[in-house]
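One structure is given here, and the rest of the page talks about it.
Note that the structure is predicted; figures quoted are calculated from it, not measured.
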Amino acid sequence: MPKLLMRPVAAREVGTHLVQVASGAAAGRARDLVGPRDEVLVDLARRQLAFDGVRQPVLGVRLPGAYGKGLASGSLRGGADALQGEITFDDWLGSEDHVRGE
């Protein structure tokens, strides 16, 4: 799994944001919506598997080239003007929105 620095945002918050954007006046490009804190994708996968009681190794790899460098840089975390969600990944894990994998 890529060693990707990101700010995951809950689907519930994305849905609310999309409804607000779609029902509002034309505004050009909508502001980015990001999660409340920086996370590393491989760590999220490990935490979710552990929470779900699944014993499975997750290997983190750095992808080669410009694409891999971009992912590792954290460029997918939104800009300084991004709206910030409130639901953390750990909050989501314990919520009714999380369906445990089997």
Over 12 foreign heavy atoms within 6.0 Å of CZ, Arg12: no
Spacing of CG belonging to Leu93 relative to OG1 belonging to Thr88, to within rounding of 0.5 Å: 8.5 Å
Leu83 vs Leu33 side-chain heavy atoms within contact, under 4.5 Å: yes
Side chain to side chain, Met1 and Leu44, heavy atoms closer than 4.5 Å: no
Close side-chain approach of Phe89 and Arg37, heavy atoms under 4.5 Å: no
Value rounded to 0.5 Å, distance of CZ in Arg31 from NE2 in His17: 8.5 Å
Side chain to side chain, Asp52 and His98, heavy atoms closer than 4.5 Å: yes
Sequence neighbours excluded, every pair satisfying side-chain hydrogen bond (donor to acceptor under 3.5 Å, both in side chains) that has a member inside residues 60-76: none
pair Pro36-Glu86: side-chain heavy atoms closer than 4.5 Å: no
Where Leu5 and Ala72 come nearest, the two heavy atoms and their spacing: CB-O, 4.1 Å
Rounded distance [0.5 Å steps], CG in Leu59 versus NZ in Lys3: 10.0 Å
Student check: side-chain heavy atoms of Trp92 and Gln48 closer than 4.5 Å: yes
Same apolar cluster: Val9 and Val21, side chain cutoff 4.5 Å: no
Contact summary for Leu4 and Leu71, nearest pair of heavy atoms: CD1-O, 3.4 Å
Non-hydrogen atoms of Gly79 and Asp32 that approach each other most closely: N-OD2, 4.0 Å
Any residue meeting side chain to side chain donor-acceptor pair (under 3.5 Å) with Arg55, in chain and number order, not counting sequence neighbours: none
Path from Val14 to Ile87 over hydrophobic side-chain contacts below 4.5 Å: no
Sole candidate of Arg46, Arg77, Arg47 that passes salt bridge (Lys or Arg N to Asp or Glu O under 4.0 Å) when paired with Glu39: Arg47
Contact summary for Leu41 and Pro2, nearest pair of heavy atoms: CB-O, 4.0 Å
